[in-house]
Amino acid sequence: MPYSSIVTYRKKKNHVHSLAIYYQHRGNALRIPTGISALKSQFNDKTGEVRMSDPEAKRKNEILKAKQETVEAAVNRFIDKNGIKPSSDILKLILNHQGEAVINKVEANLSDRFEQFLKHKRAQFASPEFSEISIKDYISTLNALTDFQA
C-alpha cells in the first residue's frame, strides 16, 4: 500500500510545474521536492507519471519512481521497527539522515531520559538564582518514575 503520492506543487513559468512526493500523517503535509518539472498537460495525476508526450518522460519517471521508493522504504522500516506509521515530522528527520536519533527516542527508557534531563537541570540550577528545593522536586519525580517502572 503506497503511503505517498507524486503531485504537482508549484507553477513555474510557461505552465511548467515542479513535481514533489507528498506524504501526510499526523500533522502538516510533507512535500519532498524531486527536482523534476513537467507541463501540467504532460503529467498524469492518477498514475503519478510523466506522459510519454514529454521527450524526457522515461528518465523523469525513473527518477520519480526511485525517490518515491526511498520514501516508501523509510515509512515501511519505521512501521516494522515501531509498529506505528511515522508522522510527517518524523519522516522528514528520517529522510534528512537524523532518523536513528528519532527512532531511538521512541524506544527510549523514560527513566534514562529523565536522568539525562536531570543532569541538564543540575547544571542549570547550580547558580545561586535557583532554589535547592527546585532540584529536589526533579529528584523526587525521578524516584517516583523509577518506582512506577518497577
Side-chain angles (χ1 to χ4, degrees), residues 1-125 135 137-150:
M1 175 181 164
Y3 298 106
S4 62
S5 60
I6 300 173
V7 296
T8 60
Y9 78 103
R10 184 175 294 151
K11 185 176 177 181
K12 293 182 176 181
K13 295 179 183 177
N14 302 329
H15 303 286
V16 175
H17 291 256
S18 295
L19 304 179
I21 311 264
Y22 177 88
Y23 175 84
Q24 182 174 10
H25 182 68
R26 289 190 189 162
N28 295 331
L30 177 61
R31 287 181 194 87
I32 304 152
T34 61
I36 303 294
S37 298
L39 290 172
K40 181 71 173 165
S41 62
Q42 293 178 335
F43 181 71
N44 186 341
D45 290 320
K46 291 181 181 177
T47 62
E49 294 181 340
V50 177
R51 293 189 171 119
M52 290 301 164
S53 59
D54 187 320
E56 296 181 17
K58 185 176 180 181
R59 181 187 66 82
K60 289 179 179 181
N61 286 332
E62 287 173 359
I63 293 170
L64 290 173
K65 185 177 178 183
K67 290 192 180 226
Q68 188 173 22
E69 285 174 355
T70 302
V71 171
E72 294 295 322
V75 171
N76 286 326
R77 275 193 312 271
F78 191 88
I79 290 171
D80 290 343
K81 191 165 187 176
N82 299 298
I84 58 172
K85 189 175 169 185
S87 69
S88 302
D89 295 332
I90 290 176
L91 182 61
K92 184 177 181 179
L93 290 172
I94 290 170
L95 294 174
N96 288 335
H97 304 292
Q98 299 168 358
E100 288 304 314
V102 172
I103 292 170
N104 290 338
K105 267 189 195 175
V106 170
E107 296 177 348
N109 184 346
L110 182 59
S111 62
D112 292 342
R113 294 292 179 186
F114 196 84
E115 285 178 15
Q116 291 176 353
F117 170 74
L118 190 57
K119 287 179 186 176
H120 170 71
K121 284 298 181 184
R122 281 190 177 127
Q124 183 181 5
F125 287 140
I135 195 71
D137 290 341
Y138 286 113
I139 294 170
S140 297
T141 304
L142 175 62
N143 292 336
L145 285 173
T146 305
D147 289 344
F148 177 74
Q149 190 174 1

Calculate, to the nearest 0.5 Å, the distance between atoms [atom1] and [atom2] belonging to [X] and [Y] respectively.
X   : Y   : atom1 : atom2 : result
E69 : I21 : CD    : CD1   : 10.0 Å
T47 : N61 : OG1   : CG    : 7.5 Å
L95 : I90 : CG    : CD1   : 12.0 Å
I63 : E56 : CD1   : CD    : 9.0 Å
Y23 : E72 : OH    : CD    : 9.0 Å

Residues two or more places apart in sequence or in another chain: which of them pass side-chain contact (heavy atoms from CB on, under 4.5 Å) with D89?
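If we apply the side-chain contact (heavy atoms from CB on, under 4.5 Å) test to D89, skipping adjacent residues, the hits are S87.
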
| request: Using the test salt bridge (Lys or Arg N to Asp or Glu O under 4.0 Å), find all partners of K65 that sit at least two apart in sequence or belong to another chain. | output: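 For K65 there are no salt bridge (Lys or Arg N to Asp or Glu O under 4.0 Å) partners, ignoring immediate neighbours.
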
Pairs of donor and acceptor atoms involving the side chains of residues 27-38, under 3.5 Å and at least two apart or interchain, shall be tabulated with distances.
{"residue": "T34", "atom": "OG1", "partner": "L19", "partner atom": "O", "Å": "2.7"}
{"residue": "T34", "atom": "OG1", "partner": "I36", "partner atom": "N", "Å": "3.3"}
{"residue": "S37", "atom": "OG", "partner": "K12", "partner atom": "NZ", "Å": "3.4"}

Check your understanding: What's the verdict on side-chain contact (heavy atoms from CB on, under 4.5 Å) for F78 and L91, showing C-alpha distance, side-chain angles and the deciding distance?
Key -> CA-CA 9 Å; F78 191 88; L91 182 61; over 6 Å; no

Can you name the closest pair of heavy atoms from D45 and K40 and give their distance?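 Taking every non-hydrogen atom into account, OD2-NZ, 3.4 Å.
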
Q. What's the shortest heavy-atom distance between R51 and S41, and which atoms?
A.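 Closest approach of R51 to S41, heavy atoms only: NH1-O, 2.8 Å.
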
[X]: what forms a side-chain hydrogen bond (donor to acceptor under 3.5 Å, both in side chains) with it, not counting sequence neighbours?
X    : result
D54  : K60
R77  : none
N143 : none

Checklist entry - E49 side chain to N44 main-chain N or O, any donor-acceptor pair under 3.5 Å? => result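 Flag not set: sc E49 to bb N44 has no pair under 3.5 Å.
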
